[in-house]
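The structure appears right after this line, and notes come after that.
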Amino acid sequence: MNGKKVIQIHHVTRIEGHGNIDIQIKDGKVDKCQWQIVEAPRFFEAALRGRKWNEAAHITSRICAICSIGHTLCSLKATEAALGITISEQTLKLRKLLINGETLQSHILHLGYLVVPDLVGAPSVIPLASTHPAEVLLVVRLHRLANEMSDLIGGRTIHPQRPVVGGFAKWPTVAELENLYQKLESAQSDVMTLAGFVKGLAPNFPKFSRETEYIGLTHPTEYAFYEGEIASTDGGKWPVDNYKSIVNEYLVPHSTAKFARHKRDAYMVGALARFNLNYNKLLPGAKKLADDVGLKPINFNPFMNNVAQLVEVAHAFEDSMQLTKKLLEKWDPEEKPIVSVKAGLGSGSVEVPRGILFHEYEYNKDGEIVWANCVIPTNQNHANIQKDMEALVEEIKERPQEEIELMVEMLVRAYDPCVSCSTH
Amino acid sequence: MDKPRVAFFDFASCEGDQLQIVNLEEDLLKVVGAVDVVSFREAMKGHSDNYDIAFVEGSITRRSDEPRLLEIRKNAKILVAIGACATIGGVNLLKNFQDLESVRKFVYGDKFFQYETYPARPIKAVVPVDLEIHQCPINRDEFVMAFKALLMGKKPEFPNYPVCEDCKKAENICVFEMGMTCMGPVTRAGCGACCVVEGSVCWGCRGFIDHPNADSEREVLAKYGLSVGDILKKFRLYTGFSEVSK
Amino acid sequence: MNHSMPDGSPYVPKWAEISRIEKLTESEKLFELRLSNGQPLGHKPGQFVEVSVLGIGEAPISISSPPINDNSFELAVRKVGNVTNAMHNLGVGGKLGIRGPFGTNFPIDEAKGKDILFVAGGIGLVPLRSFIKFVLENRKDYGEVTVLFGARNPSEQLFLSELEQWRGRKDISYLETVDRADENWKGNVGVITTLFPKVQVDPAKTICVVVGPPVMYRFVIMETKAKGIPDKQIFLSLERRMKCGLGKCGHCQINNIYVCQDGPVLRYSDIFALEEAL
Amino acid sequence: MELKKIDKPDLGLFLQNLIKDFQVEGVKRKGQSVYGQSFFYGSINAPDELCLDFDCTTMPPKKYFIPPKEELLKFTIAPKPEVAEVIESKPLIIFGVHPYDLKAVNQMDKIFSEGNPDPNYLKRREGILLIGVDPTKVSPRSFWNSMEAASVSSGFDLMLTDIGESYLVEVGTDKGGNLLKKYAKVSSVTKEEEQKRIDVRSKIWNMCKKRALNFPMRELPSLLVNSLNSPLWDEKASKCLSCVTCNMVCPTCYCFDVWDDVELDLTHGQRYRRWDGCLASDFAKVATGENFRETRAARYRHRFLRKGQYLFSKLNDAACVGCGRCAAYCLPDIADPVDVFNRLKEAVK
Ligand SMILES: Cc1cc2nc3c(=O)[nH]c(=O)nc-3n(C[C@H](O)[C@H](O)[C@H](O)COP(=O)(O)OP(=O)(O)OC[C@H]3O[C@@H](n4cnc5c(N)ncnc54)[C@H](O)[C@@H]3O)c2cc1C
Ligand code: SF4
Ligand code: SF4
Ligand code: SF4
């Protein structure tokens, strides 16, 4: 070997969207280490100009399929803020249930279909169907339940139709909610089995650590997914309206997606950030699971994002049962959204599976968008991926090329990046 | 008989159509069992250029993406466009109706020139397409139907009547009767009028039927209170490409 | 409600096995079939069957052979879509679902003792062949027999060996033409109506049977009128979309007529006034 | 004619009893539209779900007789092709069918039992008990009075009429009579009550005269034959969306399409039929591309001719019962038979 390693991964697989990795190591020195975003920009923010208040969520949902529920809800929140619309307690709870559905299906998909193959050394989930049939069917079962829950509440898992400005266009029936509760209840053991399975594989996660800032929503009484204030592990809390002072988006030449930084040169959002910020608000089962696997805040290992996702799966299942129960206590399927249109500016934020998401719109008096901005979690993670990659490659640069290749791919995958979403 | 070799690709899109395929759950295992999946970036490592059927998601929005599509066309015996972005341009088309420089500046500011783009277009505007599976996102059942037909060497049959037919079968109250407006009367059915069923309206994401009576639809929309500008917008949300290509 | 319940579903096909396949042209094949139950199909010339390829669908196909002793029957099929493609992919021994025979037949009895003028355009020869062969087999029952056949070009001529026989037969007059000739074609060139001046008929005792593409009918009828053949002595076979063959699904309806039941063979005098028929 | 009486408070009891032993389907309220309450047929699980004072349901009850999608065959492709018929039927009571819809069912009965009897229809039909009800309200586009569909003399097992404090029940069949005996509390009917039924009926029939044909319905066949080349077809059809709504909502439209579906194993499958409509642009199109009703006008005209002339010769009656659904739900509002037929009549005068 001439001491030269060139790693060029053209379109990293098992992630959403197109990203490349370009690493050059020569004589033990890292010459180049770059996370490149080559996705085609779609110009959503510009395209929104001139569209109506009741189309914004429909359009922005298409920014990303896997977090389309989150985009829909975030868009509705921004529009509601701009038009001065308040939602009912029932709508609030049901939206929280809906976002749990998304968190669940996305995390289960990521862990079960995309991460586990790495941990057991398979190229995809397909061969696992014969080597680990029981586990694969378990993942499929849980994934289906999460999708069924999203279908039931959103109308459809991808690009849901039911959530609309001011509330819901259609409600589940009492019988459907009762049925959901039962399904969630009987899935508890599956969740525990999954946890056991991933826990067993946990030693296979690389040991790596790099101190960084974690940003996400926090809420006084709950593990924040749908509402709260922006918070940082470096300290500080800000109302959502101030999001621009947190994200500070900037352009880099090798990326069609924008990058972001707060006080440091990078920060991380996502399951690990939420875990680090909201550990105290985890429901008992999830907290026990976290303690079992030894995940403690503040954890600085990005690979542990996958374990944080597992903890969130347990949390979201538990929380969904509680929410369903509460909804059933007082249920009004006749509730109708009330909307009046006026000019205004408003922003909204939710935690989607990959981290904190912001939408902000300005409307004219006819309810048409004149200005729009969307900041996607993966935008906020790109810089941190870059920094982690630099640090990781530095640590492992002596190892064989294939191993480096696998490790950096695993690193990117650990973030569960939504690349096309970040290049919206 | 050798299993057909299948590959999945995507261009500008939300990847929702591939996700719908992943969301087939138990059926996904049967689907991938019936064929040899040689490329599916979203779900697997590895790739081969030797495939029979290519499923392509997404629109083409910049010239530099064309060679990759041409390559796919060259390799594939059957090219199937999946989802609204690929079949009719999807919401990516919205930017086409604005000045593209202003669009780029709006998003990327003074560095806009670094970010290449051209008017978004469906796959068929760049290479010949053998089959189109419509909707945003594609409907899982319809995908499976088309997939099975392909395996059997049969041309899948897609409806050529408007969503209103599905809508009546679903026994919905027509949204026009509820003070809303709808693209169902000119949009290709096959979705079971899913958006109306779920309390919304038909947005037109499955594209026009073969011979839409667009004039009559415009008259209906006007009768129910839409302005000329709003009617135009409604048509442009999904079916704007036919306007451009005319 | 008074009704008699049929035994079993009329949608259930019988099975027939392919005993011989002959390639007629690039896009047409002849299938010889026998019902698996050993029974004759029991059809009359002009009738059709609904052919099933399971998983693909059903298509109405005319029976191209006259009823014959060995219980076999023949279908000649042009490859145009799903079912017909699937049929073309089958080999000898392959099984097809058969429902029918359905529909009306050519006037085999009415034409007895009369002269017959057959006019076949393109694939129209497929159904007409059953009647032509029937007449040839029962030659003495019929008067003068004239066969006019037009194809778009020589390579689209069907049943070449039979055409060769007909050319040589003294007891019929066979005339043919092609719209476009190729280098080997020595015969007539022109659309089928150009053959009419070459034939002489006794209009009072001539039964004329015409089968061809929809556009052909109008022009041929002009010629038969010119020859003075009464409308009620002219028979046509019509093609329509069909889904059931039972007079229910509505697709084949032309005014009051269901082509699958009241047709496909229809008397011109019964339909000339119908909008949409021709 | 056997006539009985059920006091209104006892109707719920009757229904309650039926629900215990049968699957009962009936008219329910759906959401409000700008035109008021909408109604549809659905399962009745408790007496108060049933609504008997509806004007007209959005969809007719035909889905119970001809499901929108119905399996005809199950098959196995390999190793040896095999098929098995599928003829499904389950006992059902449809509670609350207006006379015009009953007339439509009578027509379907005739169509599916004559010629080639259709066992799928007939078997299903056998299991269905029909409890008719005279309307108390008239929907804005109805004209059933013109179509000789204000009342039917047969086709129901029981027929209810609201005469105020009670319902009079006419027994149409033995099955209906037995149902009444076993499940309802009935009393006998006085002469006055019988007269009241006549009065109530003529009152409602009179209310359905706002929209009416300007000529006797039996003239339809000759009118239509003489109107084949009317410019009206083009004028109206130029706005036709080919949306097939008029076919879907019509209680007398029954055309269907047949197709095959296979499982993912590509070995097992089903043959289905599904509702189709003659207004669909490809309805008469064949594989070679020929479309025997290429223009909107040809398809549009076909529907009216079918209703008023083609099927007339089969049924000796118009295949339109005047429910007005097509008129109400056609978005460009071109499908109203009253308007079309009256204008044709004007033109030939
Ligand atoms: C009475 C009659 C006799 C016929 N005889 C012959 C024959 O002898 N040889 C021959 O090659 N062809 C014949 N045809 C035409 C043949 O039926 C069509 O070519 C065939 O249905 C095409 O089916 P497909 O599945 O291959 O095509 P597709 O295009 O895949 O058919 C789709 C569907 O459309 C309907 N359809 C399409 N075309 C027709 C059509 N022309 N007629 C009825 N339904 C149609 C069918 O229901 C079919 O399931 C006849 C048609 C009729 C009505
Ligand atoms: S809601 Fe839309 S799709 Fe449904 S009938 Fe009305 S116009 Fe047609
Ligand atoms: S409902 Fe109206 S627009 Fe639709 S097909 Fe019928 S006539 Fe045409
Ligand atoms: S044609 Fe119209 S009015 Fe007549 S029965 Fe059908 S839907 Fe009712």
Side-chain angles (χ1 to χ4, degrees), chain A residues 11-18 39-52 55 58-59 61-66 68 105 109 113-114 117 123-126 129 136-137 140-141 143-144 147 154-162 164 168-170 251 253 256 258 371 409 420-421, chain B residues 10-20 22-23 25-26 28-29 32-33 37 40-47 58-62 64-65 85 90-95 97-98 102-109 111 114-117 120 136-137 194-195 197-200 203 230 233 237:
Chain A
H11 299 173
V12 178
T13 59
R14 303 212 311 275
I15 62 164
E16 198 274 2
H18 297 93
E39 192 69 42
R42 288 169 291 157
F43 300 95
F44 269 90
E45 288 123 328
L48 280 169
R49 294 178 298 174
R51 303 303 308 195
K52 290 256 172 187
E55 298 174 325
H58 179 91
I59 295 169
S61 172
R62 271 81 187 160
I63 289 177
C64 176
I66 188 126
S68 61
Q105 50 102 350
L109 178 99
Y113 290 16
L114 309 180
S124 81
V125 72
I126 300 169
V136 169
L137 285 179
V140 168
R141 210 159 49 232
H143 188 242
R144 177 156 45 75
N147 272 335
R156 174 163 77 180
T157 313
I158 304 175
H159 309 326
Q161 308 103 324
R162 291 187 185 195
V164 291
F168 280 84
K170 188 174 175 182
L251 300 174
T256 47
K258 293 173 186 171
W371 179 89
E409 268 198 289
S420 61
C421 180
Chain B
D10 54 81
F11 293 86
S13 68
C14 72
E15 301 193 11
D17 305 305
Q18 291 173 84
L19 186 59
Q20 279 294 64
V22 172
N23 282 349
E25 321 292 3
E26 284 87 347
L28 174 67
L29 302 177
V32 299
V37 181
F40 195 168
R41 185 191 41 73
E42 201 176 81
M44 64 181 263
K45 218 174 161 134
H47 167 78
S59 315
I60 305 304
T61 59
R62 49 184 185 187
S64 59
D65 280 338
C85 291
V91 292
N92 299 328
L93 230 58
L94 290 176
K95 73 164 203 261
F97 304 105
Q98 301 182 17
S102 111
V103 164
R104 285 155 81 201
K105 277 186 179 150
F106 185 79
V107 174
Y108 291 111
K111 296 226 177 78
Q114 292 177 4
Y115 300 88
E116 180 202 351
T117 197
C136 178
C194 61
C195 294
V197 168
E198 297 302 345
S200 186
W203 305 84
D230 285 350
K233 267 184 208 158
L237 183 56

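Here is how names work: the chains are called A, B, and so on, in the same order as the sequence lines, proteins then strands, and each is numbered from 1. For clarity, every value in this text was computed on a predicted model and none was experimentally measured.
- Residue A:Ile66 touches chain B through both its backbone and its side chain, counting heavy-atom pairs closer than 4.5 Å.
- For A:Phe168, no part lies near chain B; criterion is any non-hydrogen pair under 4.5 Å.
- For A:His11, the parts sitting under 4.5 Å from any heavy atom of chain B are the backbone and the side chain alike.
- Side chains of A:Tyr113 and A:His143 form a contact here, defined as non-hydrogen atoms less than 4.5 Å apart.
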TODO: Applying side chain to side chain contact (heavy atoms under 4.5 Å, CB included), run through B:Val107 and A:Lys258 and close with a yes or a no.
DONE: CA-CA 10 Å; B:Val107 174; A:Lys258 293 173 186 171; 4.0 Å; yes
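- For a residue to count as touching a neighbouring chain, one of its non-hydrogen atoms must lie under 4.5 Å from one of that chain's; by this rule B:Ser59 does not touch chain A.
- In this structure, the side chain of B:Glu198 does not engage the main chain of A:Arg156 through any donor-acceptor pair within 3.5 Å.
- Using a 4.5 Å cut-off between heavy atoms, B:Glu25 touches chain A through backbone and side chain atoms alike.
- Ranked by heavy-atom pairs under 4.5 Å with chain B, the list A:Glu45, A:Arg141, A:Glu16, A:Glu55 is led by A:Glu16.
- Proximity to chain A (any heavy atom under 4.5 Å) is shown, for B:Leu237, by both the backbone and the side chain.
- Proximity to chain A (any heavy atom under 4.5 Å) is restricted, for B:Gln114, to the side chain, taken from C-beta onward.
- No hydrogens or angles considered: nothing links the side chains of A:Thr157 and A:Gln105 as a donor-acceptor pair under 3.5 Å.
- Taking each heavy atom of A:Lys170 and A:Arg162 in turn, the nearest pair found is O-CD, 3.3 Å.
- For the pair B:Gln20 and B:Pro137, the tightest heavy-atom approach, listed with the atom from each and the gap, is CG-CB, 3.7 Å.
- A salt bridge is defined here as a Lys NZ or Arg NE, NH1 or NH2 lying under 4.0 Å from an Asp or Glu carboxylate O, and A:Arg14 with A:Glu409 fails to meet this definition.
- Contact of B:Val103 with chain A is made through backbone and side chain together, with heavy-atom distances under 4.5 Å.
- For the options B:Val197, B:Asp65, B:Val37, heavy-atom pairs under 4.5 Å to chain A are most numerous at B:Val197.
- Heavy-atom distances place the side chain of A:Ile126, and not its backbone, under 4.5 Å from chain B.
- For B:Phe40, no part lies near chain A; criterion is any non-hydrogen pair under 4.5 Å.
- Residue with the most contacts toward chain B among A:Cys421, A:Cys64, A:Gly17: A:Gly17 (heavy-atom pairs, distance under 4.5 Å).
- In this structure, A:Lys52 and B:Asp230 have side chains that are in contact, with non-hydrogen atoms separated by less than 4.5 Å.
- Neither the backbone nor the side chain of B:Gln18 comes within less than 4.5 Å of any heavy atom of chain A.
- With a 4.5 angstrom heavy-atom cutoff, B:Asp10 touches chain A via backbone and side-chain atoms both.
- Side chain to side chain, B:Lys95 and B:Thr61 fail the donor-acceptor criterion of an N or O pair below 3.5 Å.
- Interface residue B:Cys136: backbone and side-chain heavy atoms are both found under 4.5 Å from chain A.
- When atom types are taken as modelled, the side chain of A:Ser68 and the backbone of A:Ser61 share no donor-acceptor pair closer than 3.5 angstrom.
- Among all heavy-atom pairs drawn from B:Gly199 and A:Ala169, the shortest one is O-CB, 3.3 Å.
- Ranking B:Cys195, B:Ser64, B:Ser200 against chain A, the residue ahead of the rest is B:Cys195, based on heavy-atom pairs under 4.5 Å.
- In this structure, the portion of B:Leu29 lying under 4.5 Å from any heavy atom of chain A is its side chain and not its backbone.
- Of the listed residues (A:Arg51, A:His18, A:His58, A:His159), the greatest number of heavy-atom pairs within a distance under 4.5 Å of chain B belongs to A:His58.
- When each of B:Glu26, B:Glu116, B:Lys105 is checked for heavy-atom pairs under 4.5 Å with chain A, B:Glu26 comes out on top.
- Aromatic ring pairs are classed by plane angle as parallel below 30°, tilted from 30° to 60° and perpendicular above 60°; the pair B:Tyr108 and B:Tyr115 is parallel.
- In terms of heavy-atom proximity, B:Arg41 sits nearest to A:Ile15 at NH1-O, 2.9 Å.
- In this structure, the portions of A:Arg49 lying under 4.5 Å from any heavy atom of chain B include both its backbone and its side chain.
- For A:Val164, no part lies under 4.5 angstrom from a heavy atom of chain B.
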